[in-house]
Amino acid sequence: MASTDERPFPPGDYPVVVVGSGPGGLQTSYCLSRLGVEHAVLSADEEPGGMFRLYPIFQRLLSWSKPDAPAERGARAYEWFDHNSLLAEEAEHQALVPEFMDRTFMVPSRPEMEQGLAAFANRVPVSVRYSCRWEATRRDDDGRLVLTTSDGEYRCRAAVFAVGVTTPWKSPIPGIEQVPHYVECGDPPEYQGRRVFVVGKRNSAFEIADGLLPWARQVILGSPRPVQTTVIALSTVRVRYLQPYEDYGLGGGTFALDLAVERIERRGERWGVVGQGTTRPGPIDLEVDDVFAATGFSAPLLDLPALGVRTVAQGRIPALTPFWESAPGSGIYFAGNATQGAAGLRKHGVGASSAAVHGFRYNARVMAAHLAANHLGVRAPRERVERDRLVPYLLDEVSSAPELWAQKSYLARTVSEDGETEILPLAGWLDDPGGRSTAVAVEMNAAGEIYPAVYVANGGGVREILLPPHELNDFRGADYERELRAVL
Ligand SMILES: Cc1cc2nc3c(=O)[nH]c(=O)nc-3n(C[C@H](O)[C@H](O)[C@H](O)COP(=O)(O)OP(=O)(O)OC[C@H]3O[C@@H](n4cnc5c(N)ncnc54)[C@H](O)[C@@H]3O)c2cc1C
């Protein structure tokens, strides 16, 4: 009897299997398709969009998309001004999120983001076998990975897990198990007139504080480490952070305490939050009406640790190579938010943007090429730069390449001795620069100054040369040309 299941990718053998239909899975599938790599995409969801079908709970993103910007929509340089759209080579598939924005804010609403992602999935199109849940994993004797799913078994040479980092996680504080997590925060009007404590002082904690500010009587946030307001002020998360912080600074009733919470306890109808001040030591005992755990999320790794996938951040995030593989040659790759498991160099403590779309969309493109080359023998076509064009080409890249701007000190433009050029993880290139070659990256120091960094490998060591900052971040002038020419 013919099957009535018309969904794509029935169980079977595929060169590659991608799990997830959030932005990470969709971007990976697109990039693999561009390389001509056959693959199946599976998702537990019923529709594309991943986490953005539900969150952020207060329905407004943190990451900007500017419908009008110094660069034309659809141009490569425009990607830097549109942090939310997925990447495509074809003009009609580029910059899709701004198309759905009503321009009330510079950051899209959750539904606008969801629409942009769905438009990408439908127009490209990206085929996905929806309502198919990956449940277990093993490795066959021939080295192939086998994914057991709700629909049957999938065999593959490499698997890409774009499963997100959205499983609610609570830090091990006695009593925290009794209070709701960020994902369980109800409608703001429910908190009218109440005194609310939020455990945590990062994005999700400030999102709750911001959402409750017009309703709650008082909001108090607490976590051990102080907020670096000067860094936040220049970052895209300021939209959510600074409003409650402004209220804190003006004595408007909100507090952001540096506090190590020791326990949370029921006190009749109310809650007691007990801990020790950190920046200003001393006991703190608060009585509040509601407590939220905004202590983070974890990646749903299921049984992957038993296959050798190691983790960081208290088991929440997979530990990854610079090319986002769990161990070199394992064929177990990650895409999307989980790519934060490859930390990069963190020069001056500046982290990568791999947990957000504008960072991991580039990781996906590099990872797809790496996977195709290393597991399937498919070599991605590479551009070539003529020697006499090298200096202006590199200066142009550090001035406007969205990959380098989004992933500072993390992704680099590399050029080999014979002029072949590609975007690579800086940490991966430094491990193996391949003889005489050059890499450039955009970097930022502790004072927030942005400048180009040049790395020159000469077959032995690697030299690092930092070029000076420019007030308009335009490194294409004659002085820069002279300096870079001298270096090269
Ligand atoms: C509260 C919050 C707010 C955020 N706001 C922003 C923002 O404003 N801008 C931004 O760029 N980033 C934001 N992020 C980061 C965000 O997680 C990522 O940008 C993005 O959603 C991650 O995409 P992803 O594809 O990795 O995972 P997700 O979007 O989480 O998608 C995961 C996919 O994997 C599937 N899946 C999971 N487990 C299985 C399984 N066992 N079997 C089959 N399928 C499975 C899911 O069904 C889903 O389709 C936010 C994160 C959080 C938690």
Side-chain angles (χ1 to χ4, degrees), residues 17-29 40-65 82-86 97 105-110 112-114 116-118 120-121 126 128-137 147-151 154 159-169 181-183 185 200 202-208 211 235-237 239-240 294-304 316-318 324 334-341 353-361 363-364 406:
V17 171
V18 179
V19 184
S21 56
L26 298 177
Q27 188 69 72
T28 302
S29 175
V41 188
L42 319 174
S43 174
D45 288 343
E46 286 158 21
E47 284 169 24
M51 184 210 84
F52 289 112
R53 297 172 64 238
L54 294 172
Y55 309 131
I57 41 166
F58 290 120
Q59 308 293 308
R60 184 67 59 185
L61 266 64
L62 294 168
S63 41
W64 81 55
S65 281
D82 172 15
H83 280 196
N84 299 301
S85 301
L86 296 180
V97 171
F105 289 92
M106 181 176 89
V107 291
S109 69
R110 185 206 59 75
E112 289 168 349
M113 179 64 171
E114 185 185 6
L117 293 172
F120 185 88
V126 178
V128 179
R129 186 177 183 86
Y130 290 108
S131 305
C132 176
R133 180 170 286 280
W134 154 59
E135 290 168 343
T137 334
L147 275 62
T148 306
T149 74
S150 48
D151 288 350
Y154 290 79
V160 183
F161 295 94
V163 290
V165 184
T166 44
T167 304
W169 185 86
H181 187 269
Y182 162 91
V183 299
C185 184
R202 302 199 60 171
N203 298 2
S204 60
F206 275 97
E207 190 194 341
I208 293 180
S235 79
T236 53
V237 300
V239 186
R240 292 286 181 204
T295 47
F297 302 85
S298 66
L301 299 177
L302 306 193
D303 55 2
L304 288 179
R316 293 187 294 126
I317 309 285
W324 308 283
F334 286 83
N337 193 340
T339 58
Q340 62 179 286
S353 299
S354 297
V357 174
H358 72 282
F360 68 63
R361 62 188 178 183
N363 298 352

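Counting starts at 1 for both ligands and their atoms, following the listed order.
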- Message: W134 versus ligand 1: do any nitrogen or oxygen atoms come within less than 3.5 Å of each other?
- Response: yes
- Looking at ligand 1, does any of its N/O atoms fall within less than 3.5 Å of an N/O of A44? yes
- Decide whether an N or O pair under 3.5 Å exists between F52 and ligand 1. no
- Would S204 count as a contact of ligand 1 if the rule is a heavy atom under 4.0 Å away? no
- How far is atom 53 (C) of ligand 1 from its nearest protein heavy atom, and which residue and atom name does that atom have? F297 CE1, 3.5 Å
- Item | Identity and separation of the nearest protein heavy atom to atom 24 (P) of ligand 1 | G24 N, 3.9 Å
- Message: I'd like to know if the side chain of T339 and the backbone of W324 have a donor-acceptor N/O pair within less than 3.5 Å.
- Response: no
- How does V19 reach ligand 1, if at all, at less than 4.0 Å between non-hydrogen atoms: by side chain, backbone, both, or neither? side chain
- Task: Looking only at protein heavy atoms, identify the closest one to atom 15 (C) of ligand 1 and say how far it is in Å.
- Result: A355 O, 3.2 Å
- Kindly identify the option in G164, A162, G50 whose heavy atom sits closest to atom 33 (C) of ligand 1. A162
- Item | Nearest neighbour in protein (non-hydrogen) for atom 8 (O) of ligand 1 | L62 N, 2.7 Å
- Task: For atom 29 (O) of ligand 1, find the nearest protein heavy atom and state the residue, atom name and distance (0.1 Å precision).
- Result: M51 N, 2.7 Å
- Any idea which of L301, D45, N84 brings a heavy atom closest to atom 47 (O) of ligand 1? D45
- Where is the nearest protein heavy atom to atom 1 (C) of ligand 1: which residue, which atom, and how far? Y182 OH, 3.1 Å
- Protein contact to atom 36 (N) of ligand 1 [nearest heavy atom, distance to 0.1 Å]: V163 CG1, 4.1 Å
- Task: For atom 17 (O) of ligand 1, find the nearest protein heavy atom and state the residue, atom name and distance (0.1 Å precision).
- Result: N337 ND2, 2.9 Å
- Do the rings of F334 and F161 sit parallel, tilted or perpendicular, given the 30° and 60° boundaries? tilted
- Message: Please confirm whether C132 approaches ligand 1 to less than 4.0 Å, judged on its heavy atoms.
- Response: yes
- Just wondering, more than 12 heavy atoms not from R202 lying within 6.0 Å of its CZ? no
- Nearest heavy atom to atom 5 (N) of ligand 1 wins, so pick from P56, S63, G336, S354. P56
- Task: Between G22, P23, A294, flag the one that comes closest to atom 23 (O) of ligand 1 by a heavy atom.
- Result: P23
- Query: Counting distance only, does the side-chain N/O of Y130 pair as donor-acceptor with the main-chain N or O of S21 below 3.5 Å?
  - Reply: no
